[in-house]
Number of protein chains: 2
Amino acid sequence: MSGAVTIGVAAKATGVSAKMIRYYEETGLLPPADRTASGYRLYGEEDLHTLRFVRRARDLGFSVEDIAGLLALWQDRGRASAQVKALALHHVADLRRRIAELEAMARTLASLADHCSGDSRPDCPILDDLAADHAPDPRWPHRVKPLSR
Amino acid sequence: MSGAVTIGVAAKATGVSAKMIRYYEETGLLPPADRTASGYRLYGEEDLHTLRFVRRARDLGFSVEDIAGLLALWQDRGRASAQVKALALHHVADLRRRIAELEAMARTLASLADHCSGDSRPDCPILDDLAADHAPDPRWPHRVKPLSR
DNA sequence: CCTTGACCTTCCTACGATGGGAAGCCCCAC
DNA sequence: GTGGGGCTTCCCATCGTAGGAAGGTCAAGG
């Protein structure tokens with residue numbers, strides 16, 4: 001029943017650093033914490049719960065802005081789960097898009113590295129690729145450079 | 001043989017914005033460009049080649065710091081391709097690590113969303129998961145909170 | 001009662017890569 | 001010579017996080 005703890009304890013208990021707790025408060029993600037007479041922030045069990053919620057959401061890659069939405073829905077007992085699901089699926093789509101981008105990079109680079117002898121000789125397909133003329137604009141129909149000269 | 005072009009032309013020709021070209025120069029990735037009498041930066045064919053190299057490397061996800069290394073190797077005719085390959089493979093490993101992280105998030109979230117009805121009712125496994133007690137420190141052996149009180 | 005050390009407060013700085021914008025100079029075409 | 005577009009530098013913002021300085025607070029132990 002003691003309840004209220006200071007920011008350092010709250011940080012350790014929730015895995016959110018004290019710095020970030022202050023930042024979240026400052027940016028409005030969290031409401032201003034209660035204070036002791038001397039100005040120390042105090043966190044009760046419910047606040048800790050909220051902080052853990054925020055941390056979990058961050059761990060799942062949600063932006064702070066998205067988390068504000070999730071928190072609002074969480075605290076709205078009359079919410080429609082459809083709203084939550086939409087937010088989540090939107091985020092999943094975002095994650096998948098970023099994954100696809102990274103995978104394209106990794107594939108390209110791995111394939112280049114695969115063709116590189118990796119010994120003491122200077123010849124290197126990786127550098128050759130980087131130095132080659134890559135079409136800047138057209139997305140995929142990668143126009144091969146004209147052969148005749 | 002006109003050769004030298006101003007920064008805006010170089011930007012369009014290479015796909016690197018003028019802002020970024022200045023930034024790269026400022027941070028030492030690129031050597032200071034030649035200037036006209038009135039202070040305009042000038043870029044020759046070789047500079048454009050370098051800029052395209054940088055852009056390609058950025059497109060492959062290399063950090064500016066890594067690109068500095070790649071540029072140095074590129075310009076070192078006596079380099080060992082092993083060095084380039086090592087840099088590339090290190091970066092691939094980094095990409096794969098980030099991909100794995102994002103995939104873990106996406107998988108978790110997609111599975112939660114999958115169990116969410118997504119209708120007008122408020123019940124939502126996604127929020128339930130976010131609100132649940134997730135172990136902060138211990139990696140997986142998820143210690144359940146003590147029952148007795 | 002006073003010191004000590006751990007904690008808290010605010011405020012400022014930085015990261016990495018990028019974009020936006022303002023104020024002022026430069027250059028070319030008309 | 002004028003207008004408009006390009007160039008210069010300088011400052012600010014992003015996003016989430018961390019570090020540090022300067023100073024107040026608190027509890028424990030002498």
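Note on naming: letters A, B, ... go to the chains in the order of the sequence lines (proteins, then strands), and numbering restarts at 1 for each one.
- When hydrophobic clusters are built by joining Ile, Leu, Val, Met, Phe, Trp and Tyr residues whose side-chain heavy atoms come closer than 4.5 Å, directly or via intermediates, B:I21 is not grouped with B:L42.
- A sub-4.0 Å separation between OP1 or OP2 of C:dC8 and a side-chain N or O of A:R22 is absent.
- Of all the heavy atoms in B:D119 and A:A80, the pair that sits closest is O-CB, 3.5 Å.
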Every protein N/O within reach of nucleotides 19-23 of chain C N/O, cut-off under 3.5 Å:
| unit_1 | atom_1 | unit_2 | atom_2 | d |
| --- | --- | --- | --- | --- |
| C:dG19 | OP2 | B:S17 | OG | 3.2 |
| C:dG20 | N7 | B:K19 | NZ | 3.3 |
| C:dG20 | O6 | B:K19 | NZ | 2.9 |
| C:dG21 | O6 | B:K19 | NZ | 2.3 |

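- Atom CD1 in A:I7 sits roughly 12 Å away from atom C1' in C:dT10 (whole-Å rounding).
- Among the protein residues, A:Y24 comes within range of the sugar-phosphate backbone only, with heavy atoms under 4.0 Å from sugar or phosphate atoms but none that close to a base.
- Within the 4.5 Å cutoff, the side chain of A:D129 has heavy atoms near those of the A:H134 side chain.
- Helix bend of the helix from C:dC1-D:dG30 to C:dC30-D:dG1: the angle between its two end axes, each built from five pairs, comes to 30° after rounding to 10°.
- The CD1-C1' distance, from B:I67 to C:dT18, rounds to 14 Å in whole Å.
- Side-chain contact between B:L60 and A:L130: present, with at least one pair of heavy atoms (C-beta onward) separated by less than 4.5 Å.
- Rounded to whole angstrom, the span from the OH atom of B:Y23 across to the C1' atom of C:dA17 amounts to 5 Å.
- Residue B:V5 comes nearest to B:A10 through the heavy atom pair CG2-N, 4.0 Å, listed as atom of the first residue, atom of the second, then distance.
- Under the 4.5 Å side-chain criterion, counting only non-hydrogen atoms from C-beta, A:T14 is not in contact with A:Y43.
- The CD-P distance, from B:E26 to C:dG16, rounds to 13 Å in whole Å.
- A:D123 has no carboxylate O lying under 4.0 Å from a charged side-chain N of A:R121, or vice versa, which leaves the two without a salt bridge.
- A:R52 is not listed as a side-chain neighbour of A:R56, based on a closest heavy-atom distance of 4.5 Å or more.
- Looking at heavy atoms from C-beta onward, B:M20 lies out of side-chain contact with B:R58 at the 4.5 angstrom threshold.
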Distance-only criterion, 3.5 Å: show the donor-acceptor pairs between side-chain atoms of residues 27-37 of chain A and protein atoms not counting sequence neighbours.
| unit_1 | atom_1 | unit_2 | atom_2 | d |
| --- | --- | --- | --- | --- |
| A:T27 | OG1 | A:Y23 | O | 3.0 |
| A:T27 | OG1 | A:Y24 | O | 3.3 |
| A:R35 | NH1 | A:G39 | O | 2.8 |
| A:T36 | OG1 | A:S38 | N | 3.3 |
| A:T36 | OG1 | A:S38 | OG | 3.1 |
| A:T36 | OG1 | A:G39 | N | 3.3 |
| A:T36 | OG1 | A:Y40 | N | 3.1 |

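- For DNA chain D, the span of nucleotides reached by chain A at under 4.0 Å from its heavy atoms goes, 5' to 3', from D:dG16 to D:dC26.
- Screening residues 59-80 of chain B for side chain to side chain donor-acceptor pair (under 3.5 Å) gives B:R55-B:D59 as the qualifying pairs, with residues at least two apart or on separate chains.
- The distance from atom NZ of A:K12 to atom C1' of C:dC8 is 12 Å, rounded to the nearest whole Å.
- Of the residues in residues 29-46 of chain A, those lying under 4.0 Å from DNA chain D by heavy-atom distance are A:S38, A:Y40.
- Within the 4.5 Å cutoff, side-chain heavy atoms of A:D94 are placed close to those of A:R97.
- Closest heavy-atom contact between B:S81 and A:S117: OG-OG, 3.3 Å.
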